[in-house]
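Heads up, the thing below is written out as structure tokens.
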Number of protein chains: 2
Amino acid sequence: MAVTGVAEKPATKGTYPKGVARRKQIVRAAARIFAQYGYHAGSLRNIADDVGVTSAALIRHFQDKEGLLTAVLEYWDEESQVASSTAPGLDHIRQLPAMMEYHLTHRGLIELFLTLATEASNPEHPARDFIVKRYDSTVASLSSRIREAIDAGEVFLPAEQVESEARGLMALMDGIELQWLLQPELDLVALFSSHLDHTLARWTGEVQPLSNSTEAFVVQGIA
Amino acid sequence: MAVTGVAEKPATKGTYPKGVARRKQIVRAAARIFAQYGYHAGSLRNIADDVGVTSAALIRHFQDKEGLLTAVLEYWDEESQVASSTAPGLDHIRQLPAMMEYHLTHRGLIELFLTLATEASNPEHPARDFIVKRYDSTVASLSSRIREAIDAGEVFLPAEQVESEARGLMALMDGIELQWLLQPELDLVALFSSHLDHTLARWTGEVQPLSNSTEAFVVQGIA
DNA sequence: GTCTATATTTAGATAGAC
DNA sequence: GTCTATCTAAATATAGAC
């Protein structure tokens, strides 16, 4: 019922070069349609027309609509991992704007995630599990990077505040990307970078960029 | 085509007490369904069943589905204004967590807005205009409150940074509310309050980039 | 003002030809 | 592996009875 883990691809089918290529073509089209209309309102016929086949072909490949959704989520997972850095500690955080820059040129990635995420606020939604797990793992990853920075002495934050900071960063990114979807003329990278700078200044205990002043003013233990 | 302004209610019809009550009942049900499934995937039959009438009755009242959407957006507008404070300057900002607290007990308001907002990232969406205008007016309102605080000497920010701060706050709220929809066990008010405190501390502190102020790096107002 | 009945379109999915 | 043809269910919307 719910789409959670990795779908088992048919052992024989789907491994022939031609089939694989077609499969990918369908998944890409489906990602586009689901991003634009959502899962429920995005129709198989619409996707099929985009590819240039019939909806029956889609069913052959993915069994049903939910099977296609699973494949789309896997595809999104891979594609969006391209954008995220593997750097440790604070370097990872500092590269978040670059990730957003990448999103800017791959609008579909943002659109798909936000569309499915809000749609999945309905507990019955087949992508619900995937989305919730994705959030959890992103929070966990960001938290780990922050803790690395704390251990390295670059950041000063009480341990119990780390997750809240991670969630705040994610919320900020999601919210800015939502605004950008509605008003593409917005400079989302500049907006995020500016707020990230303030956040990093607070974490590192520095004041603001201008005054690189003498006394280290450590703001920690704020709860 | 696009839903923007105020719909003209029939002068005679819809003004009789019974009709008005029924109308409101339908709008509330529609808001619930649209919030849960989105506009496209939310069906008239589903709404009608909720009310206990047939879909034909809905069409009688609102002419078509888009007419119903217009009524729902108007309803949402009124309902969500209940939650927002009329206080000026920094007091308004400080009452934002209370607004979120209100949202907490009116989940449908959040769900409806976020669902329609992401759905409306499709430029063809009938609620697109409404949503974009809503964002603009909220940014404008928040910016005004911040400028009032600057004029009152409570906040120190360069004028050109005000809108960015307003957008950042909105993004943070939207993002947190999205996370809450997916994980209702999250304490969204605490999460937001904590980040708002940090933001206010930064605003009311006197050190900012491009600021011509003195050396003081006052971190105050951390609750 | 709401109903039943129905028209029309489109949805997801299946069967079997090629 | 893809097609055509078709099924069933559900969508929006209309017409006319009560």
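Chain letters run A, B, ... following the sequence lines, proteins first and then strands; every chain starts at 1. These numbers come from a predicted model, not from an experiment.
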Out of C:dT4, C:dA13, C:dT2, minimum distance to the side chain of B:T54 belongs to C:dT4
B:I47 CD1 to D:dA11 C1', straight-line distance once rounded to whole Å: 12 Å
Minimum-distance nucleotide (side-chain atoms of B:S43 versus D:dT2, D:dT14, D:dA11): D:dA11
Have a look at B:A56 and say if it touches a base, only the backbone sugar-phosphate, or nothing, with a 4.0 Å heavy-atom cut-off. base
Go through the N and O atoms of the side chain of A:R45 and the base of C:dG12, and report whether any donor-acceptor pair is under 3.5 Å. yes
Has the side chain of A:E119 got a donor or acceptor atom that lies under 3.5 Å from a matching backbone atom of A:H40? yes
Can you tell me the distance, in whole Å, between the CZ atom of A:F62 and the C1' atom of D:dT2? 14 Å
Between A:H195 and A:H198, how do the two ring planes meet: parallel, tilted or perpendicular, split at 30° and 60°? perpendicular
Which one, D:dC3, C:dC3, C:dA13, comes nearest to the side chain of B:A57? C:dC3
Roughly how many Å is it from CD1 in A:I59 to C1' in D:dG1, rounded to a whole number? 15 Å
I need the CZ-P distance between B:R60 and D:dT14, as an integer number of Å. 10 Å
Under 4.0 Å between a Lys/Arg side-chain N and an Asp/Glu carboxylate O for B:R145 and B:D91? no
Could you check whether any side-chain heavy atom of A:M170 comes within less than 4.5 Å of a side-chain heavy atom of A:L142, counting everything from C-beta outward? yes
Go through C:dG12, D:dT2, C:dC3 for me and flag the one nearest to the A:L44 side chain. C:dG12
